[in-house]
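Report on the structure given below.
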Amino acid sequence: MKTQPEPPPNPIVSPTETALRIKRIMEKLDQLVPPRPFTTVSSTTSATHSRATVLSPRDTYCRGDRLDVLLEMRDHLGRRKEYGGDFLRARMSSPALKAGASGKVTDFNNGTYLVSFTLFWEGQVSLSVLLIHPSEGVSALWRARNQGYDRVIFTGQFNRGTSQVNTDCALALNSSAELCEYLDTRDQEAFYCVKPPNVPCAALTHMHSKNKDVSYLSKQERSLFERSNVGVEMMAKFNAITVSKCHSEKTVPVKRQCKFGMASTIPSGHVWKDTWNPVSCSLAAIEMKECLRGKFIYLLGDSTIRQWMEYFKSSINTLKSVDLHESGKLQKQLAVDLNENINIQWQRHSYPLIGSLTYSVKEIEYIAQVIDRIGGEKNTIIVISLGQHFRPFPIDVFIRRALNIHDAVQRLLLRSPETVVIIKAENIREMNVDVERFSDFHGYIQYLALKDIFQDLNVGIIDAWDITIAYGTNNVHPPQSVVRNQINILLNFIC
(Lines give C-alpha, C1' and ligand atoms only; values in the text may rest on other atoms or scores of the structure.)
Protein backbone atom coordinates (compact mmCIF):
# COMPACT_ATOMS: atom_id res chain seq x y z
CA MET A 1 0.00 0.00 0.00
CA LYS A 2 1.39 3.38 -1.07
CA THR A 3 1.87 6.00 1.64
CA GLN A 4 0.36 9.36 0.81
CA PRO A 5 2.83 12.27 0.60
CA GLU A 6 2.53 14.66 3.53
CA PRO A 7 0.46 17.74 2.69
CA PRO A 8 2.39 21.05 2.69
CA PRO A 9 2.17 23.03 5.93
CA ASN A 10 -1.02 25.02 6.26
CA PRO A 11 0.03 28.51 5.16
CA ILE A 12 -2.92 30.18 6.94
CA VAL A 13 -2.28 30.19 10.68
CA SER A 14 -5.03 30.78 13.23
CA PRO A 15 -4.74 33.68 15.74
CA THR A 16 -4.57 31.11 18.57
CA GLU A 17 -1.65 29.29 16.94
CA THR A 18 0.15 32.64 16.36
CA ALA A 19 -0.34 33.54 20.04
CA LEU A 20 1.23 30.20 21.04
CA ARG A 21 4.18 30.74 18.71
CA ILE A 22 4.76 34.23 20.14
CA LYS A 23 4.61 32.78 23.67
CA ARG A 24 7.18 30.07 22.81
CA ILE A 25 9.65 32.59 21.36
CA MET A 26 9.11 34.96 24.32
CA GLU A 27 9.89 32.11 26.75
CA LYS A 28 13.14 31.33 24.87
CA LEU A 29 14.19 34.98 25.03
CA ASP A 30 13.23 35.28 28.72
CA GLN A 31 15.67 32.45 29.47
CA LEU A 32 18.46 34.46 27.82
CA VAL A 33 17.77 37.48 30.05
CA PRO A 34 17.02 36.37 33.63
CA PRO A 35 16.08 39.08 36.18
CA ARG A 36 19.14 40.65 37.86
CA PRO A 37 17.81 43.09 40.46
CA PHE A 38 20.49 45.16 42.22
CA THR A 39 20.47 47.36 45.31
CA THR A 40 23.47 49.55 44.51
CA VAL A 41 25.34 50.42 41.32
CA SER A 42 28.54 49.23 43.06
CA SER A 43 27.30 45.63 42.77
CA THR A 44 26.92 45.82 38.96
CA THR A 45 29.59 44.74 36.46
CA SER A 46 32.51 47.15 36.12
CA ALA A 47 34.66 47.10 32.98
CA THR A 48 37.60 48.76 34.76
CA HIS A 49 37.61 46.30 37.69
CA SER A 50 37.11 43.22 35.50
CA ARG A 51 40.12 41.30 34.16
CA ALA A 52 40.97 40.33 30.60
CA THR A 53 43.72 37.72 30.09
CA VAL A 54 45.14 36.60 26.74
CA LEU A 55 45.46 32.81 26.94
CA SER A 56 48.81 31.30 25.80
CA PRO A 57 50.22 34.71 24.72
CA ARG A 58 52.93 34.79 22.02
CA ASP A 59 55.28 37.41 20.61
CA THR A 60 53.94 36.81 17.14
CA TYR A 61 50.94 34.96 15.74
CA CYS A 62 50.25 33.26 12.45
CA ARG A 63 47.48 34.23 10.07
CA GLY A 64 44.56 31.83 10.59
CA ASP A 65 45.38 31.23 14.29
CA ARG A 66 42.75 31.59 16.99
CA LEU A 67 43.50 33.94 19.86
CA ASP A 68 41.47 33.49 23.05
CA VAL A 69 40.86 36.04 25.78
CA LEU A 70 39.43 35.03 29.16
CA LEU A 71 37.24 37.65 30.88
CA GLU A 72 36.66 37.52 34.64
CA MET A 73 33.95 39.99 35.53
CA ARG A 74 34.01 41.96 38.76
CA ASP A 75 31.76 44.61 40.26
CA HIS A 76 32.75 48.17 41.20
CA LEU A 77 34.09 46.95 44.56
CA GLY A 78 36.32 44.36 42.84
CA ARG A 79 34.20 41.33 43.85
CA ARG A 80 33.95 38.42 41.39
CA LYS A 81 30.65 38.20 39.54
CA GLU A 82 28.94 34.81 39.84
CA TYR A 83 26.53 35.05 36.90
CA GLY A 84 26.72 36.07 33.23
CA GLY A 85 24.42 38.00 30.95
CA ASP A 86 26.63 41.06 30.28
CA PHE A 87 26.15 42.56 26.81
CA LEU A 88 29.63 42.48 25.26
CA ARG A 89 30.95 43.33 21.81
CA ALA A 90 34.28 41.92 20.64
CA ARG A 91 36.12 43.28 17.60
CA MET A 92 39.60 43.11 16.11
CA SER A 93 40.82 45.75 13.69
CA SER A 94 43.72 47.20 11.70
CA PRO A 95 42.63 50.73 10.73
CA ALA A 96 45.61 51.24 8.38
CA LEU A 97 44.51 48.17 6.40
CA LYS A 98 40.81 49.08 6.62
CA ALA A 99 40.37 45.64 8.22
CA GLY A 100 38.04 44.42 10.95
CA ALA A 101 36.13 41.40 12.25
CA SER A 102 33.92 40.52 15.18
CA GLY A 103 35.04 38.15 17.92
CA LYS A 104 32.95 35.25 19.21
CA VAL A 105 31.83 35.64 22.85
CA THR A 106 30.99 32.51 24.90
CA ASP A 107 29.17 33.17 28.20
CA PHE A 108 29.84 30.49 30.83
CA ASN A 109 27.05 31.98 33.02
CA ASN A 110 29.35 32.18 36.04
CA GLY A 111 30.94 35.59 35.56
CA THR A 112 33.56 34.37 33.09
CA TYR A 113 33.56 34.62 29.29
CA LEU A 114 35.76 33.33 26.51
CA VAL A 115 36.33 35.73 23.61
CA SER A 116 37.74 34.03 20.49
CA PHE A 117 39.33 35.99 17.65
CA THR A 118 40.23 34.38 14.31
CA LEU A 119 43.33 36.15 12.97
CA PHE A 120 42.22 36.60 9.38
CA TRP A 121 44.98 38.94 8.13
CA GLU A 122 48.64 39.85 8.60
CA GLY A 123 49.86 43.02 10.28
CA GLN A 124 49.37 44.93 13.51
CA VAL A 125 45.99 43.96 14.96
CA SER A 126 44.21 45.72 17.84
CA LEU A 127 41.80 43.78 20.06
CA SER A 128 38.72 45.32 21.66
CA VAL A 129 36.05 44.04 24.03
CA LEU A 130 33.38 46.58 24.95
CA LEU A 131 31.08 46.17 27.91
CA ILE A 132 28.04 47.70 26.21
CA HIS A 133 25.76 47.09 29.24
CA PRO A 134 26.28 45.16 32.49
CA SER A 135 23.97 42.17 33.04
CA GLU A 136 21.96 44.22 35.55
CA GLY A 137 21.39 46.89 32.88
CA VAL A 138 20.45 44.27 30.29
CA SER A 139 17.87 42.80 32.68
CA ALA A 140 16.45 46.27 33.42
CA LEU A 141 16.19 47.11 29.69
CA TRP A 142 14.40 43.82 28.96
CA ARG A 143 11.90 44.31 31.79
CA ALA A 144 11.27 47.97 30.87
CA ARG A 145 10.90 47.23 27.15
CA ASN A 146 8.07 44.80 27.73
CA GLN A 147 6.14 47.08 30.10
CA GLY A 148 4.72 49.79 27.86
CA TYR A 149 3.80 50.93 24.36
CA ASP A 150 3.95 54.67 25.04
CA ARG A 151 7.64 55.63 24.80
CA VAL A 152 6.80 56.98 21.34
CA ILE A 153 3.56 58.86 20.73
CA PHE A 154 2.11 59.10 17.22
CA THR A 155 0.02 61.96 15.91
CA GLY A 156 -2.48 61.13 13.18
CA GLN A 157 -3.79 63.75 10.78
CA PHE A 158 -7.37 63.42 9.50
CA ASN A 159 -9.03 65.24 6.62
CA ARG A 160 -12.06 67.28 7.74
CA GLY A 161 -13.33 68.87 4.57
CA THR A 162 -10.95 71.72 3.75
CA SER A 163 -9.08 71.51 7.08
CA GLN A 164 -7.15 68.91 9.08
CA VAL A 165 -7.53 67.66 12.62
CA ASN A 166 -4.85 65.86 14.68
CA THR A 167 -5.34 63.16 17.30
CA ASP A 168 -3.19 60.72 19.31
CA CYS A 169 -2.44 57.32 17.76
CA ALA A 170 -0.56 54.25 19.03
CA LEU A 171 -0.10 50.48 18.89
CA ALA A 172 -2.14 50.42 22.11
CA LEU A 173 -4.18 53.34 23.48
CA ASN A 174 -5.31 53.57 27.08
CA SER A 175 -8.19 55.96 26.49
CA SER A 176 -11.88 56.13 27.32
CA ALA A 177 -12.47 58.12 24.12
CA GLU A 178 -13.96 56.53 21.01
CA LEU A 179 -11.17 54.90 18.97
CA CYS A 180 -10.51 54.19 15.32
CA GLU A 181 -9.16 50.65 15.00
CA TYR A 182 -7.07 49.87 11.92
CA LEU A 183 -7.02 46.08 12.10
CA ASP A 184 -5.67 43.38 9.82
CA THR A 185 -8.09 40.66 10.91
CA ARG A 186 -6.11 37.72 9.49
CA ASP A 187 -2.74 38.66 10.98
CA GLN A 188 -4.12 40.42 14.06
CA GLU A 189 -1.98 43.52 13.46
CA ALA A 190 -3.67 46.61 14.88
CA PHE A 191 -3.09 50.36 15.18
CA TYR A 192 -5.37 52.83 16.93
CA CYS A 193 -6.19 56.53 16.81
CA VAL A 194 -8.49 58.59 18.99
CA LYS A 195 -11.48 59.25 16.70
CA PRO A 196 -11.91 62.97 15.93
CA PRO A 197 -15.49 64.19 16.48
CA ASN A 198 -17.65 64.00 13.34
CA VAL A 199 -14.78 62.68 11.20
CA PRO A 200 -14.80 59.13 9.80
CA CYS A 201 -11.88 56.82 10.63
CA ALA A 202 -11.18 56.37 6.89
CA ALA A 203 -10.16 60.05 6.67
CA LEU A 204 -6.72 59.36 8.25
CA THR A 205 -4.08 60.66 5.83
CA HIS A 206 -0.76 61.42 7.58
CA MET A 207 1.31 60.52 10.63
CA HIS A 208 4.34 61.67 12.58
CA SER A 209 5.80 60.73 15.95
CA LYS A 210 7.80 62.08 18.85
CA ASN A 211 9.35 60.58 21.97
CA LYS A 212 7.19 60.81 25.07
CA ASP A 213 8.75 61.79 28.39
CA VAL A 214 8.20 58.41 29.99
CA SER A 215 10.58 55.77 31.37
CA TYR A 216 10.06 52.35 32.91
CA LEU A 217 13.55 52.38 34.44
CA SER A 218 14.27 53.47 38.02
CA LYS A 219 16.61 56.42 38.60
CA GLN A 220 19.32 53.99 39.72
CA GLU A 221 18.86 51.83 36.61
CA ARG A 222 19.03 54.89 34.36
CA SER A 223 22.45 55.75 35.81
CA LEU A 224 23.81 52.56 34.19
CA PHE A 225 23.02 54.06 30.79
CA GLU A 226 24.79 57.41 31.10
CA ARG A 227 27.07 57.74 28.07
CA SER A 228 30.26 57.16 30.10
CA ASN A 229 28.88 53.78 31.22
CA VAL A 230 27.93 52.50 27.76
CA GLY A 231 30.48 50.66 25.61
CA VAL A 232 33.42 50.76 28.06
CA GLU A 233 36.65 49.25 26.71
CA MET A 234 37.99 46.25 28.65
CA MET A 235 41.28 45.83 26.70
CA ALA A 236 42.61 49.40 26.78
CA LYS A 237 45.88 48.27 28.44
CA PHE A 238 46.68 45.70 25.73
CA ASN A 239 49.07 46.53 22.90
CA ALA A 240 48.38 45.56 19.31
CA ILE A 241 49.53 42.06 18.37
CA THR A 242 51.67 41.12 15.37
CA VAL A 243 50.25 38.60 12.90
CA SER A 244 52.57 37.07 10.27
CA LYS A 245 52.10 34.76 7.32
CA CYS A 246 54.04 31.85 8.90
CA HIS A 247 55.99 29.52 6.54
CA SER A 248 54.38 26.47 8.07
CA GLU A 249 51.01 27.85 7.08
CA LYS A 250 48.92 25.24 5.29
CA THR A 251 47.68 25.93 1.78
CA VAL A 252 44.45 27.82 2.07
CA PRO A 253 41.69 25.82 0.33
CA VAL A 254 39.97 27.58 -2.54
CA LYS A 255 36.51 28.65 -1.36
CA ARG A 256 33.53 28.28 -3.66
CA GLN A 257 31.47 31.31 -4.62
CA CYS A 258 28.86 32.41 -2.09
CA LYS A 259 25.47 31.07 -3.04
CA PHE A 260 21.99 31.36 -1.71
CA GLY A 261 21.19 29.26 1.37
CA MET A 262 24.73 28.68 2.68
CA ALA A 263 24.96 28.40 6.47
CA SER A 264 26.58 31.28 8.34
CA THR A 265 29.27 31.10 11.01
CA ILE A 266 30.34 33.35 13.92
CA PRO A 267 32.17 35.47 12.93
CA SER A 268 30.65 35.28 9.47
CA GLY A 269 33.58 37.01 7.79
CA HIS A 270 36.03 39.90 7.95
CA VAL A 271 36.68 43.24 6.28
CA TRP A 272 40.00 43.75 4.51
CA LYS A 273 40.83 46.80 2.39
CA ASP A 274 37.26 47.94 3.02
CA THR A 275 35.88 44.78 1.36
CA TRP A 276 33.79 42.07 3.03
CA ASN A 277 35.19 38.52 2.89
CA PRO A 278 32.90 35.74 4.19
CA VAL A 279 34.44 32.81 6.10
CA SER A 280 32.72 29.96 4.29
CA CYS A 281 32.69 31.17 0.68
CA SER A 282 34.12 33.82 -1.64
CA LEU A 283 32.35 36.83 -3.12
CA ALA A 284 32.91 37.47 -6.81
CA ALA A 285 33.00 41.02 -8.18
CA ILE A 286 29.77 41.06 -10.16
CA GLU A 287 28.78 43.69 -12.71
CA MET A 288 25.60 45.11 -11.18
CA LYS A 289 23.64 46.12 -14.28
CA GLU A 290 24.40 42.85 -16.07
CA CYS A 291 23.30 40.87 -12.99
CA LEU A 292 20.04 42.78 -12.58
CA ARG A 293 18.95 42.44 -16.22
CA GLY A 294 15.38 41.10 -16.35
CA LYS A 295 15.01 41.21 -12.54
CA PHE A 296 12.14 42.60 -10.47
CA ILE A 297 13.48 43.58 -7.05
CA TYR A 298 11.28 44.44 -4.08
CA LEU A 299 13.06 46.16 -1.18
CA LEU A 300 10.66 46.06 1.76
CA GLY A 301 11.23 47.63 5.16
CA ASP A 302 12.98 50.54 6.81
CA SER A 303 15.42 53.28 5.78
CA THR A 304 18.43 50.91 6.04
CA ILE A 305 17.09 49.04 2.99
CA ARG A 306 16.10 52.36 1.38
CA GLN A 307 19.87 53.02 1.38
CA TRP A 308 20.10 50.09 -1.05
CA MET A 309 17.53 51.75 -3.31
CA GLU A 310 19.54 54.96 -3.30
CA TYR A 311 22.75 53.01 -4.02
CA PHE A 312 21.17 51.23 -7.01
CA LYS A 313 19.94 54.55 -8.43
CA SER A 314 23.35 56.22 -8.07
CA SER A 315 25.26 53.19 -9.46
CA ILE A 316 23.14 52.40 -12.54
CA ASN A 317 22.85 55.62 -14.54
CA THR A 318 20.19 54.17 -16.86
CA LEU A 319 17.75 53.58 -13.99
CA LYS A 320 14.98 56.17 -14.18
CA SER A 321 12.85 57.09 -11.17
CA VAL A 322 9.08 56.94 -11.66
CA ASP A 323 7.00 59.60 -9.90
CA LEU A 324 4.42 57.75 -7.80
CA HIS A 325 2.83 61.00 -6.59
CA GLU A 326 3.75 60.65 -2.94
CA SER A 327 5.94 63.10 -1.05
CA GLY A 328 8.51 62.99 1.75
CA LYS A 329 11.43 60.69 2.66
CA LEU A 330 9.13 57.74 3.32
CA GLN A 331 7.44 57.81 -0.08
CA LYS A 332 7.36 54.60 -2.07
CA GLN A 333 10.13 54.56 -4.70
CA LEU A 334 10.23 52.89 -8.11
CA ALA A 335 13.11 52.92 -10.60
CA VAL A 336 13.16 51.19 -13.99
CA ASP A 337 15.50 50.55 -16.90
CA LEU A 338 13.18 49.70 -19.80
CA ASN A 339 15.97 48.60 -22.15
CA GLU A 340 17.41 46.08 -19.66
CA ASN A 341 14.00 45.27 -18.11
CA ILE A 342 15.18 46.14 -14.58
CA ASN A 343 12.51 47.08 -12.05
CA ILE A 344 13.47 48.03 -8.46
CA GLN A 345 11.09 49.35 -5.84
CA TRP A 346 11.37 50.30 -2.17
CA GLN A 347 8.36 50.30 0.12
CA ARG A 348 8.32 51.10 3.84
CA HIS A 349 6.93 48.71 6.41
CA SER A 350 3.74 49.59 8.27
CA TYR A 351 3.29 50.87 11.85
CA PRO A 352 5.29 51.41 13.99
CA LEU A 353 7.10 53.90 11.75
CA ILE A 354 8.95 56.44 13.83
CA GLY A 355 9.70 59.86 12.36
CA SER A 356 9.39 63.51 13.33
CA LEU A 357 8.71 64.36 9.67
CA THR A 358 5.10 63.91 8.58
CA TYR A 359 4.52 60.99 6.19
CA SER A 360 1.47 59.85 4.22
CA VAL A 361 -0.36 56.71 5.39
CA LYS A 362 -2.90 56.66 2.57
CA GLU A 363 -1.24 53.62 1.01
CA ILE A 364 0.46 52.13 4.09
CA GLU A 365 0.32 48.34 4.25
CA TYR A 366 1.98 45.47 6.07
CA ILE A 367 4.87 43.64 4.38
CA ALA A 368 2.92 40.36 4.60
CA GLN A 369 0.13 41.95 2.51
CA VAL A 370 2.66 43.13 -0.10
CA ILE A 371 4.19 39.64 -0.34
CA ASP A 372 0.75 38.06 -0.73
CA ARG A 373 0.23 40.21 -3.86
CA ILE A 374 3.51 39.14 -5.49
CA GLY A 375 3.22 36.30 -8.02
CA GLY A 376 6.89 35.41 -7.80
CA GLU A 377 9.25 33.47 -10.13
CA LYS A 378 12.99 32.99 -10.56
CA ASN A 379 13.62 36.62 -11.58
CA THR A 380 11.68 38.04 -8.63
CA ILE A 381 13.91 39.06 -5.72
CA ILE A 382 12.49 40.18 -2.36
CA VAL A 383 14.73 41.72 0.31
CA ILE A 384 13.18 42.38 3.74
CA SER A 385 14.66 44.48 6.54
CA LEU A 386 12.93 45.51 9.73
CA GLY A 387 13.84 46.10 13.34
CA GLN A 388 15.04 49.64 14.12
CA HIS A 389 11.52 51.10 14.44
CA PHE A 390 10.42 48.22 16.68
CA ARG A 391 13.11 48.67 19.35
CA PRO A 392 11.07 51.06 21.57
CA PHE A 393 8.10 48.68 21.81
CA PRO A 394 7.42 45.39 23.62
CA ILE A 395 9.12 42.49 21.81
CA ASP A 396 5.82 40.73 21.03
CA VAL A 397 5.10 43.47 18.44
CA PHE A 398 8.28 42.55 16.54
CA ILE A 399 7.77 38.80 16.93
CA ARG A 400 4.19 38.96 15.61
CA ARG A 401 5.34 41.01 12.60
CA ALA A 402 8.22 38.63 11.85
CA LEU A 403 5.93 35.58 12.13
CA ASN A 404 3.35 37.15 9.79
CA ILE A 405 6.08 37.91 7.24
CA HIS A 406 7.43 34.35 7.66
CA ASP A 407 3.97 32.94 6.90
CA ALA A 408 3.54 35.20 3.85
CA VAL A 409 6.96 34.08 2.54
CA GLN A 410 5.95 30.45 3.15
CA ARG A 411 2.78 30.97 1.08
CA LEU A 412 4.82 32.65 -1.68
CA LEU A 413 7.35 29.79 -1.81
CA LEU A 414 4.53 27.23 -2.01
CA ARG A 415 3.13 28.88 -5.15
CA SER A 416 6.48 30.04 -6.61
CA PRO A 417 9.41 28.06 -5.14
CA GLU A 418 11.97 29.74 -7.43
CA THR A 419 11.38 33.20 -5.94
CA VAL A 420 14.47 34.52 -4.13
CA VAL A 421 13.73 35.88 -0.64
CA ILE A 422 16.46 37.49 1.44
CA ILE A 423 16.38 38.79 5.00
CA LYS A 424 18.78 41.64 5.78
CA ALA A 425 19.50 41.70 9.51
CA GLU A 426 19.66 44.98 11.45
CA ASN A 427 22.69 47.27 11.45
CA ILE A 428 24.29 48.18 14.77
CA ARG A 429 23.75 51.85 15.58
CA GLU A 430 25.10 54.82 17.54
CA MET A 431 26.28 54.30 21.15
CA ASN A 432 25.08 57.72 22.28
CA VAL A 433 21.50 56.99 21.30
CA ASP A 434 18.56 57.02 23.74
CA VAL A 435 19.35 53.63 25.33
CA GLU A 436 15.93 52.75 26.75
CA ARG A 437 14.32 53.17 23.33
CA PHE A 438 17.04 52.24 20.84
CA SER A 439 19.88 50.30 22.51
CA ASP A 440 21.64 47.73 20.33
CA PHE A 441 20.68 45.21 23.01
CA HIS A 442 17.07 45.52 21.75
CA GLY A 443 18.37 45.04 18.20
CA TYR A 444 20.42 41.99 19.21
CA ILE A 445 17.39 40.29 20.76
CA GLN A 446 15.42 40.96 17.55
CA TYR A 447 18.35 39.64 15.46
CA LEU A 448 18.27 36.35 17.42
CA ALA A 449 14.46 36.12 17.15
CA LEU A 450 14.52 36.77 13.38
CA LYS A 451 17.13 34.06 12.71
CA ASP A 452 15.12 31.62 14.82
CA ILE A 453 11.82 32.42 13.07
CA PHE A 454 13.15 32.07 9.50
CA GLN A 455 15.45 29.06 9.98
CA ASP A 456 12.91 26.61 8.51
CA LEU A 457 12.45 28.48 5.20
CA ASN A 458 14.63 28.53 2.10
CA VAL A 459 15.63 32.18 2.46
CA GLY A 460 19.01 33.89 2.30
CA ILE A 461 20.32 35.87 5.27
CA ILE A 462 22.58 38.90 4.89
CA ASP A 463 24.13 39.20 8.34
CA ALA A 464 24.31 42.99 8.48
CA TRP A 465 24.66 42.74 12.27
CA ASP A 466 28.03 40.97 12.03
CA ILE A 467 29.10 43.00 8.99
CA THR A 468 28.51 46.37 10.71
CA ILE A 469 30.33 45.18 13.85
CA ALA A 470 33.30 44.19 11.65
CA TYR A 471 33.28 47.61 9.97
CA GLY A 472 32.88 49.30 13.38
CA THR A 473 30.34 51.73 11.94
CA ASN A 474 28.11 52.38 14.99
CA ASN A 475 25.75 54.18 12.63
CA VAL A 476 22.19 53.11 11.83
CA HIS A 477 22.87 54.34 8.27
CA PRO A 478 26.39 53.03 7.55
CA PRO A 479 28.59 54.60 4.86
CA GLN A 480 28.33 53.74 1.16
CA SER A 481 31.20 51.23 1.28
CA VAL A 482 29.23 49.08 3.75
CA VAL A 483 26.03 49.34 1.67
CA ARG A 484 28.06 48.38 -1.43
CA ASN A 485 29.38 45.25 0.28
CA GLN A 486 25.92 44.26 1.57
CA ILE A 487 24.57 44.60 -2.00
CA ASN A 488 27.49 42.56 -3.38
CA ILE A 489 26.33 39.63 -1.24
CA LEU A 490 22.86 39.98 -2.83
CA LEU A 491 24.43 40.01 -6.34
CA ASN A 492 26.36 36.80 -5.55
CA PHE A 493 23.14 35.19 -4.29
CA ILE A 494 21.20 35.91 -7.48
CA CYS A 495 23.80 35.75 -10.29
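A quick note: this is a predicted structure, and the numbers were derived from the prediction, not measured. For the single chain, residues carry numbers from 1 onward in sequence order.
Less than 2.5 Å separates the SG atom of C281 from that of C258.
Cation-pi check for R36 over Y83 is met; the charged atom lies under 6.0 angstrom from the ring centroid and within 45 degrees of its normal. Figure legend: cation-pi geometry between R348 and Y359 absent, as NZ or CZ is not positioned both under 6.0 Å from the six-membered ring centre and within 45° of its axis.
Residues P352 and V152 form no side-chain contact, since every pair of their non-hydrogen atoms from C-beta on lies 4.5 Å or further apart. The side-chain heavy atoms of V482 and W276, taken from C-beta on, include no pair separated by under 4.5 Å. Using a 4.5 Å heavy-atom cutoff, the side chains of F398 and I445 are not in contact.
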### Task
Walk me through it: do E365 and Q347 pass the test side chain to side chain donor-acceptor pair (under 3.5 Å)?
CA-CA 9 Å; E365 57 186 335; Q347 185 170 338; 2.8 Å; yes

TODO: Apply side chain to side chain donor-acceptor pair (under 3.5 Å) to Y447 and D463, showing your working.
DONE: CA-CA 9 Å; Y447 165 73; D463 195 342; 2.9 Å; yes

Note to self: Determine whether T242 and Q124 satisfy the following criterion, side chain to side chain donor-acceptor pair (under 3.5 Å), listing intermediate values before the conclusion.
What the structure shows: CA-CA 5 Å; T242 302; Q124 293 295 106; 2.7 Å; yes

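The ring of H349 has its center closer than 6.0 angstrom to the ring center of F390.
In this structure, R400 does not pair ionically with E189, as no charged nitrogen and carboxylate oxygen lie closer than 4.0 Å. A salt bridge is defined here as a Lys NZ or Arg NE, NH1 or NH2 lying under 4.0 Å from an Asp or Glu carboxylate O, and D168 with K212 fails to meet this definition. No salt bridge links D434 with R151; every basic N to acidic carboxylate O contact stays at or beyond 4.0 Å. Look at E122 and R63 and you find a salt bridge, because one of the NZ, NE, NH1 or NH2 atoms lies within 4.0 Å of a carboxylate O, short of that distance. Note on D396 versus K23: no salt bridge recorded, every NZ/NE/NH1/NH2 to OD/OE distance being 4.0 Å or above.
Partner F191 forms a ring pair (Phe, Tyr, Trp, His ring centres under 6.0 Å) with one of Y366, Y182, F393, F154 and no other, that one being F154. The one candidate from I487, L490, V421, L300 that meets the side-chain contact (heavy atoms from CB on, under 4.5 Å) condition with V383 is L490.
Remark: Y192 engages no residue in a ring-ring contact (aromatic ring centres under 6.0 Å, His included) (not counting sequence neighbours).
Pairs engaging residues 36-71 under the ring-ring contact (aromatic ring centres under 6.0 Å, His included) rule: none recorded [sequence neighbours left out]. Screening residues 219-237 for salt bridge (charged side-chain N to carboxylate O under 4.0 Å, His left out), with sequence neighbours left out, gives R143-E221.
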